[in-house]
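Worth saying up front: this structure is predicted, and the values here are computed from it rather than measured. Hydrogens, waters and symmetry mates are skipped; everything else that's a heavy atom, side chains included, is used.
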Amino acid sequence: MKIEKLKKVLLNKLGTTEETPFGPGTMVYKVGGKMFALFGLKRDPIWLNLKCDPELALVLRLNHSAVIPGYHMNKEHWNTVILDDSIPESEVQKMIDHSYALIVKSLPKNQQNQILHAG
């Protein structure tokens with residue numbers, strides 16, 4: 001997946017913002033002010049960090065050599081997905097959806113409702 005497509009996929013999630021709090025070289029995607037995805041612009045292929053349920057994180061790492069413990073992140077709750085085309089885009093999309101859902105679920109109910117009913 002190329003950068004422009006990845007950005008579009010991430011920004012299409014309801015309530016998502018794109019920020020650069022770590023400098024212009026790192027794209028951060030948040031919902032409700034909480035990060036659910038980030039990647040650096042200098043890596044090729046892209047290394048995409050995504051929040052993940054700890055048990056699922058382990059399964060994904062076992063099943064995909066391109067999924068590793070979160071680079072510069074909490075290794076239990078974050079995975080780094082190396083977008084080298086070894087994982088089908090549909091599977092990467094599921095990982096993105098899962099990360100987004102975990103963050104939305106962690107928000108207060110009123111904030112969840114605002115985000116999910118904004119679309």
Side-chain angles (χ1 to χ4, degrees):
M1 186 178 299
K2 301 297 178 210
I3 287 177
E4 290 311 313
K5 182 169 186 177
L6 177 59
K7 285 182 175 185
K8 184 177 179 180
V9 167
L10 293 166
L11 285 170
N12 277 339
K13 309 301 269 168
L14 291 176
T16 295
T17 61
E18 178 184 73
E19 303 175 21
T20 55
F22 306 118
T26 304
M27 306 305 297
V28 175
Y29 296 82
K30 295 180 178 181
V31 61
K34 291 186 168 189
M35 183 168 51
F36 73 93
L38 72 149
F39 63 90
L41 296 172
K42 295 181 182 171
R43 285 199 185 263
D44 186 19
I46 298 166
W47 284 31
L48 174 64
N49 284 357
L50 296 169
K51 185 97 172 167
C52 193
D53 172 79
E55 290 180 20
L56 178 59
L58 294 174
V59 171
L60 291 170
R61 293 173 199 168
L62 288 172
N63 291 332
H64 302 286
S65 61
V67 178
I68 60 175
Y71 180 71
H72 286 302
M73 304 297 283
N74 178 307
K75 309 288 188 236
E76 182 181 0
H77 295 278
W78 288 84
N79 276 339
T80 295
V81 182
I82 302 169
L83 301 180
D84 61 2
D85 296 327
S86 66
I87 302 172
E89 282 190 16
S90 60
E91 195 68 23
V92 173
Q93 180 68 54
K94 287 179 189 175
M95 293 181 211
I96 291 169
D97 292 347
H98 175 71
S99 180
Y100 175 85
L102 282 175
I103 298 303
V104 170
K105 184 178 171 183
S106 75
L107 298 172
K109 290 287 183 199
N110 64 337
Q111 198 173 6
Q112 288 179 33
N113 290 334
Q114 286 175 347
I115 291 166
L116 297 175
H117 292 59

(request) Flag yes if L116 and V31 sit in one hydrophobic cluster, no otherwise; membership is Ile, Leu, Val, Met, Phe, Trp, Tyr, and two members link when side-chain heavy atoms are under 4.5 Å apart. (result) yes

(request) Report whether F36 and F22 are members of the same hydrophobic cluster (ILVMFWY, side-chain heavy atoms less than 4.5 Å apart, transitive linking). (result) no

(message) Distance check, rounded to the nearest 0.5 Å: L10 atom CG versus Q93 atom CD?
(response) 8.5 Å

(request) Working to the nearest 0.5 Å, report the span between CD1 of I87 and CE of M1. (result) 10.5 Å

(request) Would you kindly confirm whether L11 and I103 end up in one hydrophobic cluster when ILVMFWY residues are joined by side chain heavy atoms under 4.5 Å apart? (result) yes

(request) Would you mind reporting whether V67 and M95 have side-chain heavy atoms less than 4.5 Å apart? (result) yes

(message) Using only atom types and a distance under 3.5 Å, with no angle test, would you say the side chain of Y100 pairs donor to acceptor with the backbone of L14?
(response) yes

(request) Quick one: do N79 and R61 satisfy side chain to side chain contact (heavy atoms under 4.5 Å, CB included)? Show the steps, please. (result) CA-CA 8 Å; N79 276 339; R61 293 173 199 168; 2.6 Å; yes

(message) Using a 3.5 Å distance criterion without hydrogens, assess whether the side chain of T80 forms a donor-acceptor pair with backbone atoms of Y71.
(response) yes

(message) Donor-acceptor check, side chain of Q112 to backbone of L107, threshold 3.5 angstrom: yes or no?
(response) yes

(request) Determine yes or no for a side-chain-to-main-chain donor-acceptor pair under 3.5 angstrom, with K51 supplying the side chain and W78 the backbone. (result) no

(request) Start with the C-alpha distance between V92 and L6, add both sets of side-chain angles, then the distance that settles side chain to side chain contact (heavy atoms under 4.5 Å, CB included), and finish with yes or no. (result) CA-CA 10 Å; V92 173; L6 177 59; 5.5 Å; no

(message) Assess the residue pair D97 and K13 against the criterion (side chain to side chain contact (heavy atoms under 4.5 Å, CB included)); give the C-alpha distance rounded to whole Å, side-chain angles, the decisive distance to 0.1 Å, and a yes or no.
(response) CA-CA 8 Å; D97 292 347; K13 309 301 269 168; 2.6 Å; yes

(request) Check the side chains of N110 and Q114 for a donor-acceptor pair under 3.5 angstrom, ignoring hydrogens and angles. (result) no

(request) Examine L56 and L48 and state if one hydrophobic cluster contains both, with Ile, Leu, Val, Met, Phe, Trp and Tyr joined whenever side-chain heavy atoms are less than 4.5 Å apart. (result) yes

(message) Keeping H64 on the side-chain end and V81 on the backbone end, is there a donor-acceptor pair under 3.5 Å?
(response) no

(request) Mind checking the CG-CG spacing from L83 to D44? Nearest 0.5 Å is all I need. (result) 10.5 Å

(request) Report the C-alpha separation of M73 and L38 in whole Å, then their side-chain angles, then the decisive distance to 0.1 Å, and conclude whether the side chain to side chain contact (heavy atoms under 4.5 Å, CB included) test is met. (result) CA-CA 10 Å; M73 304 297 283; L38 72 149; 3.8 Å; yes

(request) Could you check whether the rings of Y29 and F39 sit parallel, tilted or perpendicular, using 30° and 60° as the cut-offs? (result) parallel

(message) How close do P45 and I82 get, counting heavy atoms only, and between which atoms?
(response) CG-CG2, 3.7 Å

(message) If I compare all heavy atoms of C52 with all of A57, which pair ends up nearest, and what's the gap?
(response) SG-N, 3.5 Å

(request) Mind checking the NE2-NZ spacing from H98 to K94? Nearest 0.5 Å is all I need. (result) 13.0 Å

(request) Working to the nearest 0.5 Å, report the span between NZ of K7 and CG of L41. (result) 6.0 Å

(message) Please report the interatomic distance CG(N49) to NE2(H72), rounded to the nearest 0.5 Å.
(response) 9.5 Å

(message) Hydrophobic clusters here meaning ILVMFWY residues chained together by side-chain heavy-atom distances under 4.5 Å, can you tell me if V28 and I96 are in one?
(response) no

